[in-house]
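Quick notes on the structure that follows.
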Amino acid sequence: KILCWAYAQGKQVVFAQGTYDPNFPKDVTYLQDLRNKGDMLIVFLEPGLNPLIPQQERAFMLSAFSCVDYVAMLEKGANNYSPLLAEPMDPPILITGAARSGTSLVAGIIHLCGAWGGKFVAPSISNPKGFFENRAMREEIVKPYLRLCGFDPRAQMPLPRPEFLVPWKDLRGQVETILQGQGYPGGPWFYKDPKIIHLWPKWREAFPEAKWVLVRRGDEEIISSCLRTTFMRAYSEAEGWATWLNIHKERMGEMLVELVPNIMEVWPRMAISGNFGQMQAMIEWLGLKWNEAAIREFVSPELWGGRE
(Lines give C-alpha, C1' and ligand atoms only; values in the text may rest on other atoms or scores of the structure.)
Protein backbone atom coordinates (compact mmCIF):
# COMPACT_ATOMS: atom_id res chain seq x y z
CA LYS A 1 0.00 0.00 0.00
CA ILE A 2 2.83 2.38 0.82
CA LEU A 3 4.48 1.79 -2.53
CA CYS A 4 1.22 2.09 -4.45
CA TRP A 5 0.59 5.45 -2.79
CA ALA A 6 4.14 6.67 -3.41
CA TYR A 7 4.14 5.70 -7.09
CA ALA A 8 0.68 7.21 -7.56
CA GLN A 9 2.07 10.49 -6.19
CA GLY A 10 4.97 10.35 -8.63
CA LYS A 11 7.53 9.93 -5.86
CA GLN A 12 10.91 8.33 -6.49
CA VAL A 13 11.39 5.49 -4.03
CA VAL A 14 14.88 4.26 -3.23
CA PHE A 15 15.67 0.98 -1.51
CA ALA A 16 18.47 -0.40 0.63
CA GLN A 17 18.99 -3.95 1.79
CA GLY A 18 21.55 -5.16 4.29
CA THR A 19 22.41 -5.77 7.94
CA TYR A 20 22.77 -2.07 8.70
CA ASP A 21 23.98 -1.16 12.19
CA PRO A 22 22.93 2.32 13.43
CA ASN A 23 26.14 2.48 15.50
CA PHE A 24 28.36 2.29 12.40
CA PRO A 25 28.93 5.76 10.88
CA LYS A 26 29.58 4.30 7.40
CA ASP A 27 26.19 2.58 7.40
CA VAL A 28 24.44 5.78 8.48
CA THR A 29 26.28 7.90 5.90
CA TYR A 30 25.42 5.40 3.17
CA LEU A 31 21.71 5.56 4.03
CA GLN A 32 21.79 9.37 4.19
CA ASP A 33 23.41 9.55 0.75
CA LEU A 34 20.91 7.07 -0.65
CA ARG A 35 17.95 9.05 0.72
CA ASN A 36 19.22 12.14 -1.11
CA LYS A 37 18.75 10.29 -4.40
CA GLY A 38 14.96 10.06 -4.04
CA ASP A 39 11.83 11.11 -2.16
CA MET A 40 11.46 8.06 0.08
CA LEU A 41 13.90 5.50 1.47
CA ILE A 42 12.75 2.02 2.44
CA VAL A 43 15.31 -0.14 4.25
CA PHE A 44 15.01 -3.92 4.02
CA LEU A 45 16.86 -5.08 7.10
CA GLU A 46 18.52 -8.49 7.09
CA PRO A 47 18.94 -10.48 10.32
CA GLY A 48 22.69 -11.02 9.80
CA LEU A 49 24.78 -14.00 10.86
CA ASN A 50 26.13 -12.81 14.21
CA PRO A 51 24.76 -9.32 14.81
CA LEU A 52 25.87 -7.36 17.86
CA ILE A 53 22.40 -5.81 18.03
CA PRO A 54 19.28 -7.95 17.35
CA GLN A 55 17.41 -7.20 14.14
CA GLN A 56 14.33 -5.82 15.90
CA GLU A 57 16.40 -3.33 17.92
CA ARG A 58 18.30 -2.22 14.81
CA ALA A 59 14.98 -1.71 13.01
CA PHE A 60 13.67 0.42 15.87
CA MET A 61 16.83 2.57 15.89
CA LEU A 62 16.92 2.98 12.10
CA SER A 63 13.29 4.02 11.98
CA ALA A 64 14.16 7.01 14.19
CA PHE A 65 16.58 8.41 11.59
CA SER A 66 15.19 11.25 9.49
CA CYS A 67 16.72 9.75 6.34
CA VAL A 68 14.79 6.48 6.73
CA ASP A 69 11.08 6.53 5.89
CA TYR A 70 10.23 2.86 6.44
CA VAL A 71 12.00 -0.26 7.69
CA ALA A 72 10.98 -3.79 6.71
CA MET A 73 12.56 -6.78 8.44
CA LEU A 74 13.55 -9.64 6.16
CA GLU A 75 13.53 -13.22 7.31
CA LYS A 76 16.71 -15.25 7.20
CA GLY A 77 17.42 -16.42 3.66
CA ALA A 78 15.22 -13.80 1.94
CA ASN A 79 16.69 -12.72 -1.38
CA ASN A 80 15.91 -9.14 -2.36
CA TYR A 81 13.11 -6.65 -2.77
CA SER A 82 12.95 -6.70 -6.60
CA PRO A 83 9.29 -7.84 -6.68
CA LEU A 84 8.35 -4.61 -4.88
CA LEU A 85 9.75 -2.32 -7.56
CA ALA A 86 7.35 -0.28 -9.69
CA GLU A 87 8.36 -2.35 -12.73
CA PRO A 88 10.07 -5.70 -12.12
CA MET A 89 13.32 -5.62 -14.02
CA ASP A 90 14.40 -8.12 -16.64
CA PRO A 91 17.76 -9.88 -16.24
CA PRO A 92 20.54 -7.53 -17.37
CA ILE A 93 22.82 -7.66 -20.38
CA LEU A 94 26.33 -6.86 -19.11
CA ILE A 95 28.85 -5.72 -21.74
CA THR A 96 32.55 -5.56 -20.98
CA GLY A 97 36.03 -6.08 -22.38
CA ALA A 98 39.33 -4.23 -22.33
CA ALA A 99 39.01 -0.49 -22.89
CA ARG A 100 39.45 0.42 -26.59
CA SER A 101 38.20 -3.01 -27.70
CA GLY A 102 34.90 -1.89 -29.20
CA THR A 103 32.58 -2.12 -26.19
CA SER A 104 30.84 1.13 -27.19
CA LEU A 105 30.20 -0.13 -30.70
CA VAL A 106 28.72 -3.38 -29.39
CA ALA A 107 26.62 -1.54 -26.79
CA GLY A 108 25.35 0.80 -29.51
CA ILE A 109 24.23 -2.16 -31.62
CA ILE A 110 22.46 -3.74 -28.63
CA HIS A 111 20.77 -0.39 -27.94
CA LEU A 112 19.59 -0.09 -31.56
CA CYS A 113 18.09 -3.58 -31.32
CA GLY A 114 15.82 -2.69 -28.44
CA ALA A 115 17.68 -2.89 -25.11
CA TRP A 116 17.45 0.10 -22.78
CA GLY A 117 20.50 1.60 -21.06
CA GLY A 118 19.27 4.68 -19.22
CA LYS A 119 21.06 8.02 -19.37
CA PHE A 120 24.38 7.76 -21.17
CA VAL A 121 27.73 9.53 -20.95
CA ALA A 122 27.83 12.17 -23.68
CA PRO A 123 29.76 11.45 -26.92
CA SER A 124 33.30 12.78 -27.18
CA ILE A 125 36.05 13.18 -29.74
CA SER A 126 37.21 9.66 -28.81
CA ASN A 127 33.71 8.18 -29.27
CA PRO A 128 31.75 10.61 -31.49
CA LYS A 129 28.81 8.21 -31.85
CA GLY A 130 28.55 7.70 -28.10
CA PHE A 131 29.84 5.56 -25.26
CA PHE A 132 26.43 3.97 -24.45
CA GLU A 133 27.55 3.84 -20.83
CA ASN A 134 25.20 4.82 -18.00
CA ARG A 135 26.80 7.84 -16.34
CA ALA A 136 25.16 7.53 -12.92
CA MET A 137 25.99 3.84 -12.61
CA ARG A 138 29.59 4.50 -13.56
CA GLU A 139 30.07 7.57 -11.34
CA GLU A 140 27.91 6.61 -8.35
CA ILE A 141 28.40 2.83 -8.18
CA VAL A 142 31.44 1.49 -10.03
CA LYS A 143 34.04 4.22 -9.47
CA PRO A 144 33.27 4.67 -5.73
CA TYR A 145 33.61 0.91 -5.26
CA LEU A 146 37.00 0.87 -7.00
CA ARG A 147 38.17 3.73 -4.76
CA LEU A 148 36.90 1.86 -1.70
CA CYS A 149 39.03 -1.13 -2.72
CA GLY A 150 42.09 1.10 -3.19
CA PHE A 151 42.27 0.92 -7.00
CA ASP A 152 42.30 3.44 -9.84
CA PRO A 153 38.64 4.38 -10.50
CA ARG A 154 39.49 4.44 -14.22
CA ALA A 155 40.78 0.85 -13.92
CA GLN A 156 44.11 1.76 -15.51
CA MET A 157 46.80 1.71 -12.82
CA PRO A 158 46.71 0.08 -10.34
CA LEU A 159 44.30 -2.48 -11.78
CA PRO A 160 41.79 -4.20 -9.50
CA ARG A 161 42.84 -7.63 -8.23
CA PRO A 162 40.09 -10.16 -7.39
CA GLU A 163 41.69 -11.17 -4.08
CA PHE A 164 41.51 -7.58 -2.80
CA LEU A 165 37.86 -6.86 -3.64
CA VAL A 166 35.82 -6.03 -0.54
CA PRO A 167 32.15 -7.01 -0.08
CA TRP A 168 29.87 -4.91 -2.29
CA LYS A 169 26.89 -4.01 -0.16
CA ASP A 170 23.55 -4.05 -1.99
CA LEU A 171 24.92 -3.74 -5.54
CA ARG A 172 21.68 -4.96 -7.06
CA GLY A 173 19.63 -2.51 -5.05
CA GLN A 174 21.88 0.41 -6.03
CA VAL A 175 21.64 -0.47 -9.72
CA GLU A 176 17.89 -0.95 -9.71
CA THR A 177 17.32 2.27 -7.77
CA ILE A 178 19.29 4.32 -10.30
CA LEU A 179 17.61 2.73 -13.31
CA GLN A 180 14.12 3.06 -11.85
CA GLY A 181 14.90 6.71 -11.17
CA GLN A 182 15.93 7.17 -14.81
CA GLY A 183 12.58 5.84 -15.98
CA TYR A 184 13.16 2.15 -16.67
CA PRO A 185 10.37 1.32 -19.17
CA GLY A 186 10.38 -2.43 -18.67
CA GLY A 187 11.92 -5.03 -20.94
CA PRO A 188 15.58 -5.80 -21.70
CA TRP A 189 18.23 -3.47 -20.31
CA PHE A 190 22.01 -3.34 -20.42
CA TYR A 191 25.01 -1.87 -18.70
CA LYS A 192 28.27 -1.46 -20.59
CA ASP A 193 31.52 -0.76 -18.74
CA PRO A 194 35.05 -2.04 -19.48
CA LYS A 195 35.87 -1.71 -15.77
CA ILE A 196 33.51 -4.48 -14.69
CA ILE A 197 35.75 -7.05 -16.39
CA HIS A 198 37.74 -6.85 -13.12
CA LEU A 199 34.62 -6.94 -10.95
CA TRP A 200 32.67 -9.71 -12.66
CA PRO A 201 32.44 -12.02 -9.59
CA LYS A 202 30.63 -9.27 -7.66
CA TRP A 203 28.26 -8.58 -10.55
CA ARG A 204 27.56 -12.30 -10.91
CA GLU A 205 26.66 -12.44 -7.21
CA ALA A 206 24.21 -9.56 -7.64
CA PHE A 207 22.83 -10.67 -11.02
CA PRO A 208 23.26 -14.45 -11.37
CA GLU A 209 20.74 -14.48 -14.23
CA ALA A 210 22.63 -11.90 -16.34
CA LYS A 211 23.83 -12.51 -19.88
CA TRP A 212 27.38 -11.33 -20.52
CA VAL A 213 28.85 -10.02 -23.78
CA LEU A 214 32.66 -10.13 -23.79
CA VAL A 215 34.12 -7.84 -26.45
CA ARG A 216 37.45 -8.75 -28.03
CA ARG A 217 39.98 -7.01 -30.27
CA GLY A 218 43.51 -7.76 -31.41
CA ASP A 219 46.28 -6.86 -28.95
CA GLU A 220 48.15 -4.52 -31.29
CA GLU A 221 44.97 -2.63 -32.19
CA ILE A 222 44.06 -2.12 -28.52
CA ILE A 223 47.56 -0.97 -27.57
CA SER A 224 47.74 1.41 -30.52
CA SER A 225 44.34 2.87 -29.63
CA CYS A 226 45.37 3.33 -25.97
CA LEU A 227 48.45 5.28 -27.05
CA ARG A 228 46.30 7.61 -29.19
CA THR A 229 43.45 8.17 -26.73
CA THR A 230 43.65 11.16 -24.38
CA PHE A 231 41.84 9.57 -21.41
CA MET A 232 44.08 6.48 -21.44
CA ARG A 233 46.89 8.06 -19.45
CA ALA A 234 48.46 5.30 -17.36
CA TYR A 235 51.30 4.50 -19.78
CA SER A 236 53.15 6.35 -22.52
CA GLU A 237 54.79 3.28 -24.07
CA ALA A 238 53.44 0.13 -25.69
CA GLU A 239 55.13 -2.15 -23.14
CA GLY A 240 53.10 -0.73 -20.28
CA TRP A 241 49.81 -1.19 -22.14
CA ALA A 242 50.83 -4.73 -23.12
CA THR A 243 51.21 -5.66 -19.44
CA TRP A 244 47.88 -3.98 -18.67
CA LEU A 245 46.21 -5.92 -21.49
CA ASN A 246 47.63 -9.25 -20.32
CA ILE A 247 45.90 -8.80 -16.96
CA HIS A 248 42.64 -8.16 -18.80
CA LYS A 249 43.15 -11.36 -20.76
CA GLU A 250 43.52 -13.27 -17.48
CA ARG A 251 40.11 -11.97 -16.40
CA MET A 252 38.64 -12.88 -19.80
CA GLY A 253 39.89 -16.43 -19.45
CA GLU A 254 38.27 -16.73 -16.03
CA MET A 255 34.96 -15.38 -17.32
CA LEU A 256 34.86 -17.71 -20.31
CA VAL A 257 35.14 -20.66 -17.92
CA GLU A 258 33.01 -19.53 -15.00
CA LEU A 259 30.13 -17.78 -16.77
CA VAL A 260 29.22 -20.51 -19.27
CA PRO A 261 26.50 -20.73 -20.66
CA ASN A 262 25.63 -17.10 -19.94
CA ILE A 263 28.49 -15.48 -21.84
CA MET A 264 29.18 -14.79 -25.52
CA GLU A 265 32.47 -13.59 -27.00
CA VAL A 266 32.25 -11.14 -29.94
CA TRP A 267 34.81 -9.50 -32.23
CA PRO A 268 33.55 -6.15 -33.63
CA ARG A 269 36.27 -6.16 -36.31
CA MET A 270 34.02 -8.50 -38.32
CA ALA A 271 31.17 -5.96 -38.33
CA ILE A 272 33.58 -3.17 -39.28
CA SER A 273 34.53 -5.29 -42.30
CA GLY A 274 30.86 -5.60 -43.28
CA ASN A 275 30.23 -9.08 -41.90
CA PHE A 276 27.35 -8.77 -39.42
CA GLY A 277 26.80 -12.49 -38.90
CA GLN A 278 28.30 -12.62 -35.41
CA MET A 279 26.50 -9.45 -34.30
CA GLN A 280 23.18 -10.85 -35.53
CA ALA A 281 23.82 -14.12 -33.67
CA MET A 282 24.54 -12.10 -30.51
CA ILE A 283 21.30 -10.15 -30.85
CA GLU A 284 19.29 -13.34 -31.33
CA TRP A 285 21.02 -14.96 -28.33
CA LEU A 286 20.04 -11.93 -26.24
CA GLY A 287 16.41 -12.22 -27.35
CA LEU A 288 16.41 -8.87 -29.16
CA LYS A 289 15.23 -7.93 -32.65
CA TRP A 290 17.89 -7.49 -35.34
CA ASN A 291 17.76 -4.00 -36.94
CA GLU A 292 20.17 -4.23 -39.85
CA ALA A 293 19.32 -0.92 -41.52
CA ALA A 294 19.97 1.08 -38.33
CA ILE A 295 23.14 -0.88 -37.58
CA ARG A 296 24.64 -0.39 -41.05
CA GLU A 297 24.07 3.34 -40.66
CA PHE A 298 25.58 3.31 -37.17
CA VAL A 299 28.77 1.33 -37.85
CA SER A 300 31.49 3.63 -39.20
CA PRO A 301 34.72 1.92 -40.34
CA GLU A 302 36.51 5.27 -40.50
CA LEU A 303 36.02 5.74 -36.73
CA TRP A 304 37.22 2.29 -35.75
CA GLY A 305 40.83 3.33 -35.28
CA GLY A 306 39.97 5.37 -32.20
CA ARG A 307 36.87 3.65 -30.88
CA GLU A 308 36.51 2.20 -27.41
Side-chain angles (χ1 to χ4, degrees), residues 93-117 120-133 155 188 190-197 200 211-232 235 238 241-242 244-257 259-308:
I93 300 165
L94 299 175
I95 307 160
T96 193
R100 315 309 299 166
S101 63
T103 55
S104 298
L105 185 147
V106 172
I109 290 173
I110 288 172
H111 177 64
L112 289 171
C113 291
W116 182 83
F120 299 133
V121 175
S124 74
I125 191 171
S126 299
N127 273 15
K129 291 207 171 184
F131 288 85
F132 299 95
E133 188 167 315
F190 71 92
Y191 178 56
K192 165 254 167 178
D193 192 340
K195 291 179 284 297
I196 65 172
I197 195 171
W200 70 264
K211 284 194 171 182
W212 292 76
V213 176
L214 181 59
V215 183
R216 301 297 304 271
R217 189 181 187 183
D219 292 7
E220 290 186 5
E221 286 187 305
I222 291 177
I223 292 168
S224 176
S225 183
C226 287
L227 290 169
R228 294 194 308 271
T229 304
T230 55
F231 60 78
M232 302 297 291
Y235 304 99
W241 288 116
W244 170 90
L245 183 55
N246 284 335
I247 296 173
H248 283 74
K249 290 164 74 174
E250 290 179 18
R251 302 287 84 78
M252 294 177 198
E254 296 164 358
M255 295 172 71
L256 289 169
V257 171
L259 296 176
V260 172
N262 292 328
I263 186 167
M264 184 173 185
E265 191 176 28
V266 298
W267 294 76
R269 164 60 70 186
M270 299 172 67
I272 293 295
S273 302
N275 181 351
F276 291 97
Q278 190 183 59
M279 290 295 119
Q280 185 170 357
M282 173 192 71
I283 292 301
E284 292 173 355
W285 178 68
L286 294 172
L288 303 175
K289 186 176 180 180
W290 179 246
N291 187 349
E292 184 158 343
I295 291 166
R296 286 191 178 277
E297 183 178 350
F298 170 71
V299 175
S300 299
E302 67 274 12
L303 298 177
W304 177 244
R307 176 170 284 280
E308 179 184 1

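The first residue of the sequence shown is numbered 1, and numbering continues consecutively from there. What you are looking at is a predicted structure, and each value in this text was computed from that prediction instead of being measured. Atom set for the values below is all heavy atoms of this structure, side chains included, hydrogens, waters and symmetry mates excluded.
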Practice task
Could you pull out all residues at least two apart from K211 that satisfy side chain to side chain donor-acceptor pair (under 3.5 Å)?
Solution key: none
Practice task
Please collect all salt bridge (Lys or Arg N to Asp or Glu O under 4.0 Å) contacts where either partner lies in residues 279-293, sequence neighbours excluded, each pair once.
Solution key: E292-R296
Completion exercise
Interatomic distance, CZ@R216 vs CD@E265, rounded to 0.5 Å, equals 5.0 Å
Completion exercise
Residues passing the side-chain contact (heavy atoms from CB on, under 4.5 Å) test with A242, sequence neighbours excluded, are I223
Fill in the blank from the handout: Scanning both residues in full, the closest heavy-atom pair of P123 with P128 reads CB-O, 3.5 Å
Practice task
Using a 4.5 Å cut-off on heavy atoms from C-beta on, say whether the side chain of P268 contacts that of R217.
Solution key: no
Practice task
List in chain and number order the residues that pass side-chain contact (heavy atoms from CB on, under 4.5 Å) with D219, two or more places apart in sequence or in another chain; answer none if no residue qualifies.
Solution key: L245, K249
Exercise for the section: Compare all side-chain heavy atoms of L288 with those of I93 and state whether any distance is below 4.5 angstrom. Expected result: yes
Which pairs would a plain distance check flag for residues 272-279, meaning a side-chain donor or acceptor within less than 3.5 Å of a matching protein atom at least two apart in sequence or in another chain?
| unit_1 | atom_1 | unit_2 | atom_2 | d |
| --- | --- | --- | --- | --- |
| S273 | OG | R269 | O | 3.0 |
| N275 | OD1 | G277 | N | 3.0 |
| Q278 | OE1 | W267 | N | 2.7 |

Exercise for the section: Could you list all the salt bridge (Lys or Arg N to Asp or Glu O under 4.0 Å) pairs where at least one residue sits in residues 101-111, not counting sequence neighbours? Expected result: none
Exercise for the section: For residues W200 and L94, determine if any side-chain heavy atom of one lies less than 4.5 Å from a side-chain heavy atom of the other. Expected result: no
Handout entry: Donor-acceptor contact present, side-chain S224 to main-chain E220, <3.5 Å
Key = no
Practice task
Determine the sole option in W116, Y191, F120 for which the ring pair (Phe, Tyr, Trp, His ring centres under 6.0 Å) test with F132 is passed.
Solution key: F120
Handout entry: Closest approach of C113 to I295 (non-hydrogen atoms, all atoms of both residues)
Key = SG-CD1, 3.5 Å
Handout entry: 4.5 Å side-chain heavy-atom contact, P194 and E133
Key = yes
Handout entry: Qualifying residues under ring-ring contact (aromatic ring centres under 6.0 Å, His included), relative to W241, sequence neighbours excluded
Key = Y235, W244
Exercise for the section: Kindly state each residue pair satisfying salt bridge (Lys or Arg N to Asp or Glu O under 4.0 Å) with at least one member in residues 104-115, sequence neighbours excluded. Expected result: none
Completion exercise
By salt bridge (Lys or Arg N to Asp or Glu O under 4.0 Å), E254 pairs with (sequence neighbours left out) R251
Please set out all donor-acceptor pairs under 3.5 angstrom arising from side-chain atoms of residues 105-112, sequence neighbours excluded.
| unit_1 | atom_1 | unit_2 | atom_2 | d |
| --- | --- | --- | --- | --- |
| H111 | ND1 | A115 | O | 3.4 |

Problem - Side chains of I197 and L214 in contact at under 4.5 Å (non-hydrogen atoms) - result: yes
Handout entry: Taking every non-hydrogen atom, the tightest pair across C226 and M232
Key = O-CB, 3.6 Å
